[in-house]
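Below is one structure, written out as structure tokens, with a few remarks after it.
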Amino acid sequence: LRSLVCRRRNGRGRDWQPPFACDVDRLHFTPRIQRLNELEAQTRVKLNFLDQIAKFWELQGCTLKIPHVERKILDLYQLNRLVAEEGGFDLVCRERRWTKIAMTMGFAPGKAVGSHLRAHYERVLYPYHLFHSGTNLPVSLTYRLNASDQYCVRSEGGEGCENRPNLRRRMGSFVAKPEPGKHLTFASNLTSLRSLVDLYVCLMCGTGNDEDRLLLCDGCDDSYHTFCLIPPLSDVPKGDWRCPKCLAQECSKPQEAFGFEQACRDYSLKSFGEMADSFKSDYFNMPVHMVPTELVEKEFWRLVGTIEEDVTVEYGADIASKEFGSGFPIKGGKFKVAPHDEKYLQCGWNLNNMAMMTPSVLTHVTADICGMTLPWLYVGMCFSSFCWHIEDHWSYSINYLHWGEPKTWYGAPGFAAEQLEAVMKKLAPELFESQPDLLHQLVTIMNPNTLMAHGVPIYRTNQCAGEFIITFPRAYHSGFNQGFNFAEAVNFCTVDWMPLGRQCVEHYRLLNRYCVFSHDEMVCNMAMKADRLDVVLASAVQKDMRLMIKEERELRDKVRKMGVVQCELFKYDLLADDERQCVKCRTTCYLSALTCPCRPGVQVCLHHGHDLCSCPVSNYTLNYRFTLDDLYPMMNAVRQRAESYDEWAARVTEVLEAKLNKKRNVTVFRALLEESNEKSFPENDLLRQLRLVTQDAEKCSSVAQQLLKGKRYRTGGGNSPNQLTVEEMRSFVRQLYNLPCSLTQAPLLKELLNSIEDFQQHSEKLLSDEVSADSVSEIESLLEEGSQFDVFLPELPLLRERLEQTRWLAGVQQAEDPVSNPCGLSLDCMRRLIDRGVGLTPHPSTERTMARLQELLTISEEMEEKAQALLKARPPESLEKLSSMLTQVDGVPAYLPNCLLLQDTVNRAKDWLQEAEDLQAGGQTPVLRSLSDMVLRAHAIPVRLEPLDQLEVLVSEVQAWKESAAKTFLIKNSPFTLLEVLCPRWEVGSSLKKKMRKVKGEGVSSGKKKLVKLDSMSDVERALSDSKDSASAVRLKEQESLCSLRAANESKLLPTADCAALKVCVCQKPPMGAMLQCELCRDAFHSVCVRGPSDPLDPEAWLCPLCLRSTKPSLAKIQTLLSSLQRIRVRLPVGDALRYMIERTGSWQRRARGVIDSYDHSLTSQDCRGASTTQSHRTTGHKRKGEAITSAEKKAKRRMNREETEIRDRGIKPKSKKQRMGTEKRRERKEASVSASDVSQSEDSEEDMTQCPAEKCLQPEGEEVYWVQCDCCNRWFHMICVGVSAELAAEEDYMCVTCSTTNAGRRK
């Protein structure tokens, strides 16, 4: 690889991305023009040949038209070369080799192609061949050409033909007139001896006849017959014609050296890129980024090798980075570098730094060399190329592609350089004849396939953006650009280049090529800094100086023998390189040179002392920079620098090769390294080996110390990559003993290794045994022991797995132990154990336990689901089915909550059924509270219980009876419960009022009615029998309480001085305003606190809210109610209270009859007469329509009749609550009316019922007339007459105008 082209991407990869620092706005350049088919050597030879042929025929007055054969352009160059190789035209014709030539040129045989080739050769190439051989020239032409220094030959562009027409002429149509003051040709000098007519004769035959066939040369005015020319001309040429003499002069002119032209346009980077992208996309007819590199490469070599297509591209090459700025950032540059990009300023891969880095020899070249020590910039486009070349002074080169499309490179190894040059000279000798240093001009390319066909090794690569290409010394390389890109290149030289650099200078001397810098000057500069010189470089400099001094001594001896005696010290390093070049070989002079006073400023190197001038050698002066005595000390200093390294290297070799007991301590190695650093010894294999051994020894010592202490901490979980395996530990111990140095930790580490091996044996034995829950402690002790070794032990994870397995088995055993867990395994416990077991490493013991747990869990979950389904079944399942389920659960050794709940449910169901059976079997009447409790408990049991339906029906019948009793006895919004109403009343007086106030206050505060209720049998028994006396005792106690209450209340109403101290009414405030007095308790009440009688004239006694406790139904109705309860056969407190009340009522009736029977019959008759008189009075009043009783009876009757009439006739339901009247009320009112009056309804009464009592009745008519009833007087009014709507009548109470006025007067 030392001589090849290599590609390299920076080792830091994507992290190495330097910013593009070139000043894009300021970068303007003029590119080179490259015609692709002129680049290739063989193609250029063909083009040059065609140019010569075309020029030949153009001077002959004809235009060259290249013929076509088999629809292909004929390769005239190949045809000419093949004919020449076959022996010439005449020999090919004689031996009939044209068919062979046709086949060699690639034509198919059998198509008479050979005849066509002969005709074309004879017409186009044969005259040119005759011209080159000199056959077409007259005999006297040789003398005339040799006499060109004495005679002036008139040329085409000379003054002699300046005013002549550029036409072809016949002799008879033009007469030449000599012009005074003009030079004449050789023929014109003979006019003094001959006439003007004799002057125009054919120079071939010497006669002037056939004047119409004489041609006059447009260059020299010589005359030739058309038939005398070789070959003869059949016709007169139409254009300008040159005679053979002028033709030879024109064609013998040397050709200009080939080189690239500069473009006429100046480009910026942006405009060049637009042009390049447009060219590529137009050429390939696709976007530039989609063109494959293989296609571009194939097309490039096709265009290079063809003469039929002429494609021209432009290449911005060799742009000085010093002027426009490098693509890399540099210190002090105009480009502002971001903080995170400052690392690229000093980076060695920055091409501005690479050439002048310490290892590079070019650091000792004082001048800045553009292109070598200063980078050059290259802006390429598609097909733009760099031709075959090697770097100046055969140095290394490095090329970095900043951005853009790839470059394709071709390279040959350095050892094949001469072979490549020989092949190119062989294939294109014409080019090297005119330009011997052609390959140094970077203008010639040759197809790599052609070179490889001739045995030259060629290598190819593509350079992409961000990649480096490095070429080695004397490695020929070339290539082309795939598209628009920007690259930068620079040269550098390493120590191994030193001998090659001196060979290159000798090679340049042979080619007369100038040097970029003086190699001798660079070597002397390095020798003068020997103490700071790299030792390897010092060794190379010593060898180079030995050759340099030897050559210089020989050359100075040679010059001295020539006779040069004058010597002078001259500092050539003060002159510019172009001012101290050898005038002969153009080598840069430094150590010495020869000068002559006749040619000031001109010198020659000592190799070309005879080429200075023609002066005597004694006039020469030898200018020297150093004497030989100065050079030897410089070389010795370099040698001493190199020898110090040799001594150090010997000691290093000794310690590295020491064996067994002769091994030295690692401190000796450190000392040798420090010495190398102090003396700046080179970075070679020996130093690298010493450093590597020292680093290994120190690393091994550190690792061994950490292993011995067990303090190697890991940075992450798991096994650290720094942790050694046991095998690595063994090899590490072997490595310790194999190190070139000795370490004290080696025997200790060997002992540690033995302990580790013992641990492994114990672990393997334990792991081979069956998994047991009893081995937890043993495994834990082994793990603790193994964790102390800072070595990766494969047994540790296996032991951890085994520990997890044993712990899991121990957990299973503990969970199944009836002592520690009497309840048994729960489902959650089983799931947790199974989840833990899933993560365990498979083992037969754990797998068997897992299978058993999984089976138990499956059965348990199935039982739980069945139990839950049975418990939640709607309707509930039978007790037998639940019991059968429990028989299945008995064999499952697990804690099953649902099954336990099912067991409890079955037990409760059995207890309930037993209780129900006992209740039915017993002779006692069941109590309602017991029945309700049983029903509630049955509802809480999710089992189908057969007696439950009967109990629910029984309870519902009792509840219906209680509701019926409540409707019978309770007043609307009564504060008393049914039990309190039915029980004897002994709680009278202030205590009852306080109770009423408390109940009222609680109701107000909470918004709900809260009453004291007697709900239990104990409350009833306590209410009915506080003493063991008979019912009369209870009655007497109630009577005594009422009598004392009446006396107390009547005493309060006696006149007293302080009325404000009295407390009456439910509000317990003094009397004021209108007062009402209860007939029973005789207490006074405010008319605003309680509701008075609806009719003030009603003779019925008024009872206060405390005394009016029930509706007082008839005894027959009560007896019917009690008999219905007795049919239900359930005992409840209300029934007992009702039974007692009936007994009291019967007792009261018996006593009342006794009292009535004891009265005198006369009193009874008197009472009867009084009653008859009252009845007669009422009847009379009824007829007069003026009494209240008669009016009330009429009113009730009218109301009842009117409702019946409306319902019967129109079928209209009352629209409001005032209009709706129940059947029972109408019946009662009707019965009351009938019992109150025996008078039948007449027409007057019917009319009175249908009349509205409003003062201004509107007498509405229609199918529907709406009425409203007054809540006070119970009279009916038309809604429209009193201004009441149906909605208002339904929502609010209505009071007529008369009642409203009466109530207002009472309040006043």
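Just so it is clear, the structure is predicted and the values come from calculations on it, not from any experiment.
Contact of the H1086 side chain with the V1090 side chain is not registered, since no non-hydrogen atoms from C-beta on lie closer than 4.5 Å. When side chains are defined from C-beta on, F969 counts as touching L1138, because their heavy atoms get closer than 4.5 Å.
Of the inter-residue distances, the one linking R1131 atom CZ with D1136 atom CG reads 4.5 Å to the nearest 0.5 angstrom. In this structure, OG in S1110 is found 6.0 Å from CD1 in I971, a value given to the nearest 0.5 Å. Note: S964 OG to Q959 CD = 12.5 Å, rounded to the nearest 0.5 Å. Of the inter-residue distances, the one linking L1080 atom CG with R1046 atom CZ reads 6.5 Å to the nearest 0.5 angstrom. The CG atom of L1125 sits 5.5 Å away from the CG atom of L1132 when rounded to the nearest 0.5 Å. One finds the CG atom of L1042 at 7.5 Å from the SG atom of C1107 (value rounded to the nearest 0.5 Å).
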#### Entry: Evaluation steps, side chain to side chain contact (heavy atoms under 4.5 Å, CB included), between L928 and K962
CA-CA 11 Å; L928 176 62; K962 287 181 67 175; 4.1 Å; yes
### Message
Assess the residue pair W912 and L948 against the criterion (side chain to side chain contact (heavy atoms under 4.5 Å, CB included)); give the C-alpha distance rounded to whole Å, side-chain angles, the decisive distance to 0.1 Å, and a yes or no.
### Response
CA-CA 10 Å; W912 190 89; L948 178 60; 4.1 Å; yes
### Query
Does the side chain to side chain contact (heavy atoms under 4.5 Å, CB included) test come out yes or no for S1087 and M1075, once each step is laid out?
CA-CA 5 Å; S1087 60; M1075 303 294 291; over 6 Å; no
### Task
May I have the step-by-step check of side chain to side chain contact (heavy atoms under 4.5 Å, CB included) for C1296 and R1275, ending in yes or no?
CA-CA 8 Å; C1296 64; R1275 291 186 296 173; 3.7 Å; yes
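A donor-acceptor pair is defined here as one N or O able to donate and one able to accept, closer than 3.5 Å; such a pair exists between the side chain of T1120 and the backbone of A1116. T1145 places a side-chain N or O within 3.5 Å of a backbone atom of M1141 that can act as its donor or acceptor partner. Using a distance-only test at 3.5 Å, with no hydrogens or angles considered, a donor-acceptor pair links the side chain of Q1077 to the main chain of R1082. Not one N or O on the side chain of S932 forms a donor-acceptor pair closer than 3.5 Å with the backbone of R929.
Exactly one residue among E957, Q950, E952 makes a side chain to side chain contact (heavy atoms under 4.5 Å, CB included) with L954. That residue is E957.
Using cut-offs of 30° and 60° for the angle between ring planes, the W1102 and F1085 rings count as perpendicular.
Between R937 and E915 there is a salt bridge, with a side-chain nitrogen of the basic residue lying less than 4.0 Å from a carboxylate oxygen of the acidic one.
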